[in-house]
Amino acid sequence: MLGFPNQMCNFDEEAGTFRFSGYDGVMEVRFVLEAPALEQIAGLTRSPETDYRAAFDQRRAQIEAAAIRAYKKHRKNLVFLSIADF
């Protein structure tokens with residue numbers, strides 16, 4: 001079962017992505033969430049003042065649920081998440 005014991009995430013502003021990890025047993029699964037997907041689910045507008053980290057944290061349960069669904073489909077150790085996954 002996929003779990004998310006580490007609550008860390010990294011936002012790469014230049015790439016416009018969030019990176020976070022989950023674990024399937026002892027295997028690390030890396031996830032890359034596109035910023036436009038977060039903008040849509042959080043109702044954000046991209047701007048220098050936008051607090052993506054707060055939006056990510058507020059919607060963490062929704063993001064993790066989407067990550068689990070995507071991982072179940074593909075079973076890869078690197079999973080990209082877009083708005084289509086929500």
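The first residue in the sequence is number 1, and the count goes up from there.
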Pairs of donor and acceptor atoms involving the side chains of residues 54-63, under 3.5 Å and at least two apart or interchain, shall be tabulated with distances.
residue	atom	partner	partner atom	Å
Arg59	NE	Ile41	O	3.4
Arg60	NE	Gln7	OE1	2.9
Arg60	NH1	Glu64	OE2	3.4
Arg60	NH2	Gln7	O	2.7

Would [X] end up clustered with [Y] when hydrophobic side chains under 4.5 Å apart are linked, directly or stepwise?
X     : Y     : answer
Val32 : Tyr23 : no
Phe80 : Ile83 : no
Leu2  : Met27 : yes

Below 3.5 Å, can you tabulate the donor-acceptor pairs from side chains in residues 65-79 to any protein atom, sequence neighbours excluded?
residue	atom	partner	partner atom	Å
Arg69	NH2	Asp85	O	3.2
Tyr71	OH	Asp24	OD2	2.6

Considering all heavy atoms of both residues, which atom of [X] and which atom of [Y] are nearest to each other, and what is their separation?
X     : Y     : result
Phe4  : Ser21 : CD2-O, 3.4 Å
Tyr52 : Leu38 : O-CD2, 3.7 Å
Leu81 : Phe31 : CD1-CD2, 4.3 Å
Cys9  : Arg53 : O-NH1, 3.0 Å

